[in-house]
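Each remark here refers to the structure printed beneath this line.
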Amino acid sequence: MKNEKTLWTITRNFGDSRLMPELKTLLFCGNGFLGVQANAPGSSQTSGTFINGFYETTPITYGEKAYGYPGMQQVMIPLVDVLNWEVSKATASGYEALDISKGTIELDMQKGIRKTSCQIVGSDGSDLLIQEEVLTSLVHSQCLYSRITLKGRGKYRITRRIGPPNLESKESGDPRKMESLQKDLFRKSDYTVTSRGCMIEETTTSSNLSYRCTVCLDRFSRYEGIESNQYETLYQDIDLDESSESSRLLMARFEADPPSGLPSEKVRDEQKNFPMDWQKICSEQENYLKDFWKKADTIIEGKPEYTRALRYNSYGLLQSTGTDPARSGAAKGLSSGGYNGHTFWDADIYIQGALNNIDPRRARTLVEYRIAHLKEARDRAEELSEVGALYPWRTINGRECSAFFPAGTAQFHINADIIWGLKSFLDHSGERDILLKGGAEMLFETARFWAAFALDVPGKGYCLHCVTGPDEYTALVNNNFYTNLMAREHLSFAHATALELLDEFPEWTAKLIKQLNLSIREINSWRHIAHHFYLPKVEDSLIYKQDDSFLEKSPWDWEHTPLEKRPLLLHYHPLKIYRHRVMKQPDVIMGLLLQKQYFDKEVFASNFDYYEPLTSGDSSLSSAIQSAVAALGDRQEQAEDYFRKNLFLDLEDKEGNTDNGIHLAAMGGARIALLYGFAHMEISAGVLHLNPDFPRNWGRISFSLLHKGVLLKVHYDPSDQSVQLTADAPLNIEINETQIRLSKNEKQTVRIFQEIS
Ligand code: IFM
């Protein structure tokens with residue numbers, strides 16, 4: 001077993017004062033509200049700083065525009081950079097910048113701090129250690145800290161340049177990157193120098209959003225304001241002739257939508273109360289994380305790299321999602337502006353799916369974000385001449401901004417994904433009050449969409465025509481299996497929930513039904529449609545068809561597709577790809593996984609085997625699902641291969657695009673594969689079921705999960721297939737079909753016997 005501490009840290013080296021591009025995002029720090037990329041000292045690279053959901057809008061230019069195409073793009077934009085600094089040494093003739101070109105950068109996931117260290121030899125031949133610690137507070141979410149410590153001898157000056165971000169992004173032709181931005185992002189920028197730092201307040205040109213950043217130094221020697229659009233330069237002096245080590249702290253407090261026109265005395269007053277006690281900030285951060293890891297940590301004995309990678313993936317979820325329903329979880333989290341900072345179904349399935357039993361507060365926030373945008377979803381349904389509510393495929397502010405409808409708006413499954421998120425949140429947390437706080441309304445309005453959209457085709461049942469499923473290498477098809485299956489479940493759940501609510505809260509529910517102009521007849525029609533939904537299937541076989549025509553298409557010619565032409569989406573016109581039986585990401589098996597209660601091992605195995613060779617894996621959302629379904633189908637070797645591929649996607653930059661941002665869906669996918677796949681987790685009739693079957697070559701596996709507020713700890717030993725369980729409150733649970741009643745803190749061990757195939 002590696003040294004315990006190294007399993008909590010991610011460490012990388014840098015040289016020439018430059019970070020490798022992927023390290024900026026891999027080692028970002030965030031707290032759900034604020035995100036800041038990794039920086040190297042003395043570097044001209046700016047580190048992107050993001051407020052979750054803070055965006056600018058730009059018009060979308062179409063060659064040929066049709067009715068209902070979104071008009072405006074939303075782009076999460078980088079804000080003022082406060083992590084640009086260098087150190088200089090006092091000499092007889094002034095200050096001389098030190099050449100800090102090499103160093104080490106380490107992300108500590110237990111402490112919640114990123115530390116950059118550079119050891120240099122000063123001009124007098126003595127050693128000087130320079131360290132920066134960066135912390136985005138999980139307790140004070142508006143606050144970002146940078147603390148610089150020098151160890152050595154001499155007099156030094158830290159120069160901090162509080163400046164605009166570098167907007168060098170070029171048109172790349174890669175849809176996964178951030179849109180290139182124009183320079184005049186802000187129509188208004190105010191800079192105020194205060195006695196302890198400075199304040200920057202900016203308002204975007206088109207979206208008209210404002211933020212304020214108040215920078216505060218603990219020991220502030222003097223300031224110098226330079227040209228207006230360069231913001232400020234701040235100095236902190238350190239005299240190491242008096243001691244051999246000294247630190248200087250900077251705090252930047254970011255507020256979204258701040259009260260405007262704050263008088264400078266008020267700023268000064270506020271600054272006095274800013275949390276600036278470093279020891280306290282660190283211990284608050286560590287305590288927060290202690291609590292998080294109690295629920296989120298997974299240890300796989302004998303596989304230290306897996307343990308560390310699992311921690312990194314869960315940590316990424318924590319850093320990129322918060323507790324403010326105005327902000328969701330973007331595909332790249334808060335690590336970059338990749339995918340323009342948009343929220344996709346990644347948030348409802350992969351991110352929330354993982355957070356449901358680690359951090360219900362964050363999971364709930366993701367549901368609340370959707371509820372908060374029901375109005376925009378209703379407007380969109382109306383714009384498309386549909387009924388009820390239709391959520392956007394990609395968005396920040398709740399409005400659709402996907403310019404390419406075949407792989408955008410046509411992914412109608414987003415409605416059912418959001419409701420899968422709602423249902424799974426309810427199953428895990430038991431917080432049914434969310435239904436009364438907008439959840440039921442969202443559920444009913446989105447169900448209405450399906451009820452009107454589905455067409456009853458004689459001989460088949462209810463069909464969905466002209467839709468795109470999760471597999472973006474196939475578009476605008478009839479009866480996509482995933483979409484039909486998820487819509488069917490959505491309608492059943494809406495019907496069942498309406499009846500339950502009528503029973504539990506008759507008056508409240510009757511009022512809602514009236515307000516939505518619903519009727520019991522309409523609600524009952526949801527059950528009828530669900531019962532008669534069509535699922536495409538190959539006759540006399542266990543194979544489900546991806547859609548009505550997919551299996552008839554000609555196979556992709558892999559033999560003549562050189563590696564340089566991968567991923568296909570960057571080298572072939574969509575129409576070429578759409579005509580072939582090739583998949584970007586799992587579709588049928590994803591549906592089987594999310595509705596696993598309806599299928600058995602043989603179905604998982606057959607469909608996994610059938611679709612695996614057709615899946616190009618060009619999407620980072622693939623491996624986790626393939627791992628989970630392989631595990632459910634008892635394909636242990638493949639399950640582990642895909643698990644590993646997914647787990648190290650960013651840590652090893654497997655797709656060569658981590659510089660565009662981390663892949664938050666894959667990060668959530670790691671836990672999904674672990675629990676829904678290897679541990680066969682399911683909740684049925686309110687009871688948690690587990691049937692762990694981890695690879696036999698793994699050592700003991702320890703993981704925890706929260707079920708309706710109860711913390712369950714599970715230790716599974718593959719050598720004798722025993723499961724040891726403890727819970728911090730009484731809990732009923734089923735292990736491999738054996739019902740168990742756990743009393744508070746009681747330890748129980750259960751032996752399970754998996755069939756060896
Ligand atoms: O949501 C995904 C989609 O499924 C595939 N393209 C990338 C999106 C963001 O991760």
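Indexing begins at 1, ligand by ligand and atom by atom, following the structure's order.
Qualifying ring-ring contact (aromatic ring centres under 6.0 Å, His included) partners for Phe412, counting only residues two or more places apart in sequence or in other chains: Phe449, Phe453.
A cation-pi arrangement is not found for Lys596 relative to Phe604, the charged atom failing to lie both closer than 6.0 Å to the ring centre and inside a 45° cone about the ring normal.
In summary, the atoms of ligand 1 found under 4.0 Å from a heavy atom of Lys584, numbered by their order in the structure, are 5 (C), 6 (N). Within ligand 1, the atoms closer than 4.0 Å to a non-hydrogen atom of Gln585 are 4 (O), 5 (C), numbered from 1 in the order shown. For ligand 1, the atoms sitting less than 4.0 Å from at least one non-hydrogen atom of Ala331 are 9 (C), 10 (O), numbered in the order shown with element in parentheses.
At least one N/O-N/O distance between Asp346 and ligand 1 falls below 3.5 Å. Inclusion of Glu472 in the set of residues having an N or O under 3.5 Å from an N or O of ligand 1 is warranted.
Trp345 and Trp393 have tilted rings, their planes meeting at an angle from 30° to 60° on a 0 to 90° scale. In this structure, His580 and Trp556 have perpendicular ring planes: the angle between them is above 60°, well past the 30° mark. Ring geometry for Tyr482 against His413 counts as perpendicular: the plane angle is over 60°, on a 0 to 90° scale with 30° as the lower cut.
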